[in-house]
J.: 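Okay, handing you the structure first.
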Amino acid sequence: AGSDRLMIGDKTLTSSIKMTRWEEEKYEDGVKWKFLEHKGPYFPPEYQPLPDNVHFYYDGKKVKLSLAAEEVALFFAQMLDHEYTTKKVFRENFFKDWRKEMTQEERLLIKDLDKCDFGEMHAMHTAKVEARRNMSKEEKQVGLDEYGYCLLDHHKERIGNFKIEPPGLFRGRGEHPKQGMLKKRIQPEDVIINCSKESKIPVPPAGYHWKEVRHDNTVTWLASWTENIQGSIKYIMLNANSKLKGEKDWEKYEVARKLKSCVDGIRNQYLLDLKSKEMGVRQRAVALYFIDKLALRAGNEKEEGETADTVGCCSLRVEHITLHEQLEGSECVVEFDFLGKDSIRYYNKVPVIKKVFKNLKLFMENKQPGDDLFDRLSTSLLNKHLSSLMPGLTAKVFRTYNASITLQQQLKELTNQSDSVAEKLLSYNRANRAVAILCNHQRAPPKTFEQSMANLQVKIDARKEQLSLAKTELKQAKKEAKAKGSSDPKLVERKKAAVKRCEEQLLKMEVQATDREENKQIALGTSKLNYLDPRISVAWCKNMEVPIEKIYNKTQRDKFAWAIDMTEADFEF
DNA sequence: GCAACGACTTAGGACGTATAAA
DNA sequence: TTTATACGTCCTAAGTCGTTGC
């Protein structure tokens, strides 16, 4: 890798992660940095009151709202295009929180959301979006130069999220009980700053103070605040291309590789545990079987009513599985149907071994649909067990391990040295896709999907026709050349080339169509970014003579710089 | 022993921009 | 050059898992 240097003041700094940085000093245990300096977070602009020509109406009458109530009303007006503003829970939560921001007088007047007319406010917002669209790229990336970077142990590092989250209405995923609630504006008084004692301390916006300035080098965040919807802490942290994140990523994959070396033993163990006298041990074994075979998430318990009703392995309920002694020609089939992280549906019919099937029947005996399937098991119990089998082993390591090993196997199976680059890339995508399916990484099919597939098919048909025409012309040219010698000696050559070009283009389009169809509801990005050891991909590129740019874009190459730097063609996960 | 907390990774969608096709 | 589609970035919610504090 070429050296990438930056001048800050009179100091030369090495930017982002480079191999040289991986050989630098080791810190004491738990220490993440020795020097950290930054400017503090960027705050979104304050609320600007409505212009005089924009009004809010209640029950047909013009009403001038107080500033606080007006700001919240505008949040709702901005979202009017979205379907969720019609949802009961959303509207009720919003209205309740909105009324909290109103004056006594307003509360007395405004009692029914259905009588509110946000039309002018909505139109104003639409115009603002349009105006913003016309701004230049530079105008839009407000604050990046000033707030987007920090200095960490002599390296200038990009900050991942340097902006304080703006206020608005909370929209969780799925059927979230808190959707529509007011997400409050964060003030400097809410924000804790973390930096070096000896660094320049960030200056709060004029007239404000920080909640606290601390100097904790055992954590990686630069600033934090508590969010009012769930009461959880939000952080300002470094970009994925930073040394801190890169090292952690590398560690993650090293743990997964360690699992590779002992996974056989662990599998034998949980297969034995299926027969244990202790119910808790059996449940643990079945859960582990699912986590290993199906790449399920651990499934921590969640506070009821605080979040959407979603589950992972340990929190599965009886209602989420159906047992079939026989199904579609297989025996002992478990049918899974539940909502996982982000309320993404997991639906799968899986043949399992007899012992697992028997145990599941046992676990479900005398239970209601809403009861826990694994009533003697929790994620902390499971992880305690796992860490006793291998240091650093937790449930999520199985996901990483199975994802990466699957990619490696699939690449080996699907690609040939002699394939064209396009074919190799299709194979890579297919291997990637196998992982995404395993991990259940879904996406909503693109809105224009059906149309765009049809368009592509039309083009393919047209090209086919063109090809047959080109072939006819070639034949004709050959015939003529034979019959009367050649008036144009190059004609046959040219026609040949035309046929070849046509065939290539057709192949390319057909490959594209296949790829797109197979990818309709599958998101490849998540596994690529979080589960696949990048060294597998780098080594594959080297072996297959595929440029790394074909599989990783600039951001991804930055994030995986460590892998690109260190990986040889013979790397094995 | 366990609930709550804190820090961190993982996640899909919205939106904006680049690129290819027409 | 215009338009459709693909690609890339940003955003922040929603998980995991170790630690803390009672």
Side-chain angles (χ1 to χ4, degrees), chain A residues 30 32 81-82 129 132-137 140-141 144 160-166 168 170-174 176 178-179 183 192 194 216 218-221 224 226-227 229-235 237-240 244-245 248-249 251-252 297-303 306-308 310-315 339-344 378-384 386-387 392-397 399-400 403 436 439-444 446-449 451-453 455-456 458-459 462 505 508-509 512 515-516 519 521-531 552-556:
Chain A
K32 306 291 170 66
D81 289 334
H82 292 274
V129 169
R132 197 190 142 74
R133 219 165 52 82
N134 293 326
M135 285 163 62
S136 72
K137 199 175 161 188
K140 279 182 207 166
Q141 57 168 254
L144 178 68
N161 58 327
F162 58 89
K163 288 175 177 164
I164 294 281
E165 292 173 17
F170 177 77
R171 171 62 197 160
R173 315 257 165 84
H176 198 115
K178 298 194 170 184
Q179 63 188 97
K183 179 168 138 170
I192 302 172
N194 192 32
D216 181 354
T218 68
V219 295
T220 66
W221 52 269
S224 72
T226 301
E227 150 275 330
I229 303 287
Q230 317 277 1
S232 67
I233 307 172
K234 299 277 188 143
Y235 302 93
M237 286 187 186
L238 296 182
N239 188 281
L244 230 42
K245 296 282 190 190
K248 204 69 192 302
D249 213 28
E251 268 174 40
K252 173 180 78 184
R297 297 187 183 83
N300 286 300
E301 56 271 67
K302 304 166 65 180
E303 224 178 312
E306 295 293 300
T307 59
T310 62
V311 298
C313 187
C314 294
S315 51
L339 298 182
K341 182 177 182 181
D342 294 311
S343 293
I344 296 292
S378 69
T379 53
S380 71
L381 238 38
L382 178 67
N383 281 333
K384 221 167 264 166
L386 289 175
S387 70
L393 186 60
T394 62
K396 83 194 264 283
V397 178
R399 254 167 99 80
T400 313
C439 295
N440 199 38
H441 291 141
Q442 297 190 29
R443 61 168 185 173
K447 283 191 178 66
T448 56
F449 186 84
Q451 185 57 54
S452 89
M453 279 312 277
N455 291 348
L456 189 58
V458 168
K459 278 196 259 171
Q505 283 169 338
K508 198 177 149 192
M509 276 199 279
Q512 193 191 8
D515 204 32
R516 225 200 277 174
N519 240 4
Q521 302 196 64
I522 298 166
L524 299 183
T526 304
S527 50
K528 205 175 190 178
L529 237 48
N530 299 304
Y531 288 102
Y552 288 144
N553 66 32
K554 180 70 170 67
T555 308
Q556 293 164 339

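The structure displayed is predicted, hence computed values, not measured ones. Residue numbers begin at 1 in each chain, while the letters A, B, ... track the order of the sequences. Only this structure's heavy atoms are used, side chains among them; waters, hydrogens and symmetry mates stay out.
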J.: With a 4.0 Å limit, can you tell me whether A/K341 has a side-chain N or O closer than that to the phosphate oxygens OP1/OP2 of B/dT10?
T.: no
J.: Whole-Å distance between B/dT9 C1' and A/K245 NZ?
T.: 7 Å
J.: For A/T310 and C/dG15, is the shortest distance between a side-chain N/O and OP1 or OP2 below 4.0 Å?
T.: yes
J.: Could you check whether A/E227 gets within reach of a base, just the sugar-phosphate, or nothing at all, counting any heavy atom under 4.0 Å?
T.: nothing
J.: Give A/G299 one of three labels, base, sugar-phosphate or nothing, depending on what nucleic acid heavy atoms sit under 4.0 Å from its own.
T.: sugar-phosphate
J.: May I ask you to evaluate whether A/T220 reaches the phosphate of B/dC8, defined as a side-chain N or O under 4.0 Å from OP1 or OP2?
T.: yes
J.: Within the 3.5 Å criterion, strictly below it, is a donor on A/K302 or A/T310 matched to an acceptor on the partner's side chain?
T.: yes
J.: Please work out whether the ring planes of A/W221 and A/Y235 are parallel, tilted or perpendicular, with thresholds of 30° and 60°.
T.: tilted
J.: At under 4.0 Å, does any side-chain N or O of A/N300 touch on OP1 or OP2 of C/dT16?
T.: yes
J.: What's the closest nucleotide to the side chain of A/K252 if the choices are B/dT10, C/dA14, B/dC8?
T.: B/dT10
J.: Does A/N383 put a side-chain nitrogen or oxygen below 4.0 Å from OP1 or OP2 of C/dC17?
T.: yes
J.: Considering heavy-atom distances to DNA chain B, does A/T218 or A/V129 have its closest nucleotide positioned more toward the 5' end?
T.: A/T218
J.: Rounded off to whole Å, could you give me the CD-to-P distance for the A/E306 and B/dC5 pair?
T.: 11 Å
J.: If you find the nucleotide of DNA chain C closest to A/T555 and the one closest to A/E165, which residue's nucleotide is nearer the 5' end?
T.: A/T555
J.: Would you say B/dT17 has OP1 or OP2 under 4.0 Å from some side-chain N or O of A/K140?
T.: yes
J.: So does A/K302 get a side-chain nitrogen or oxygen closer than 4.0 Å to the phosphate oxygens (OP1/OP2) of C/dG15?
T.: yes
J.: Nearest to the side chain of A/R297, heavy atoms from C-beta on, is which of C/dT16, B/dG16, B/dC8?
T.: C/dT16
J.: Any side-chain N or O of A/K163 less than 4.0 Å from the OP1 or OP2 oxygen of C/dT12?
T.: no
J.: Considering just the side-chain nitrogens and oxygens of A/R133, establish if one lies under 4.0 Å of OP1 or OP2 belonging to B/dA14.
T.: no
J.: Report yes or no: does A/Q521 contribute a side-chain atom to a donor-acceptor pair with the main-chain N or O of A/Q442 at less than 3.5 Å?
T.: no
J.: Verify the contact: side-chain N or O of A/K183 to OP1 or OP2 of C/dA13, cut-off strictly under 4.0 Å; return yes or no.
T.: yes
J.: Take atom CZ of A/R443 and atom C1' of C/dA6, then tell me their distance rounded to the nearest Å.
T.: 10 Å
J.: Can you tell me the distance, in whole Å, between the OH atom of A/Y235 and the C1' atom of C/dA14?
T.: 14 Å
J.: Considering every strand and a 4.0 Å limit on heavy-atom distances, what is the contact class for A/R399: base, sugar-phosphate, or nothing?
T.: sugar-phosphate
J.: Just the rounded figure in Å: distance from P of B/dT9 to CE of A/M237.
T.: 7 Å
J.: Between C1' on C/dA14 and NZ on A/K396, what's the gap in Å once rounded to a whole number?
T.: 14 Å
J.: Could you give the CZ-to-P distance, from A/F162 to C/dT9, as a whole number of Å?
T.: 14 Å
J.: Quick one: label A/I344 by what it contacts on the DNA or RNA (base, sugar-phosphate, nothing), any heavy atom closer than 4.0 Å.
T.: sugar-phosphate
J.: Kindly say if A/K248 contacts the phosphate of B/dA7, meaning a side-chain N or O under 4.0 Å from OP1 or OP2.
T.: no
J.: Taking the minimum atom-to-atom distance to the side chain of A/D342, which one of C/dT16, C/dG8, B/dA11 wins?
T.: B/dA11
J.: Flag the pair A/C439 / A/T526 as yes when at least one side-chain heavy-atom distance between them is below 4.5 Å, and no otherwise.
T.: no
J.: Can you check the A/K384 NZ to C/dC17 C1' distance for me, whole Å?
T.: 12 Å
J.: What does A/A444 touch in the nucleic acid at a heavy-atom separation under 4.0 angstrom: a base, only the sugar-phosphate, or nothing?
T.: sugar-phosphate
J.: Quick one: does A/R171's side chain have a donor or acceptor within less than 3.5 Å of a partner on A/H176's backbone?
T.: no
J.: Using a cut-off of 4.0 Å on non-hydrogen atoms, how would the nucleic acid contact of A/G231 be classed: base, sugar-phosphate, or nothing?
T.: nothing
J.: I want to check one thing: is the phosphate of B/dG12, taken as OP1 and OP2, less than 4.0 Å away from some side-chain N or O of A/T526?
T.: yes
J.: Keeping the roles fixed (side chain from A/N553, backbone from A/T555), state whether a donor-acceptor pair exists under 3.5 Å.
T.: yes
J.: On DNA chain C, does the nearest nucleotide to A/N239 precede the nearest nucleotide to A/H176 from the 5' side, or the other way round? Give the residue.
T.: A/N239
J.: In the structure I gave you, are the side-chain heavy atoms of A/Q230 and A/T307 within less than 4.5 Å of one another anywhere?
T.: yes
J.: Where the side chain of A/V219 is defined as all heavy atoms beyond and including C-beta, which of B/dA7, B/dG13, B/dG12 is the nearest nucleotide?
T.: B/dA7
J.: Under a 4.5 Å cut-off applied to non-hydrogen side-chain atoms, are A/N239 and A/K245 in contact?
T.: no
J.: Is there a side-chain polar atom (N or O) of A/K32 under 4.0 Å from OP1 or OP2 of B/dC8?
T.: yes
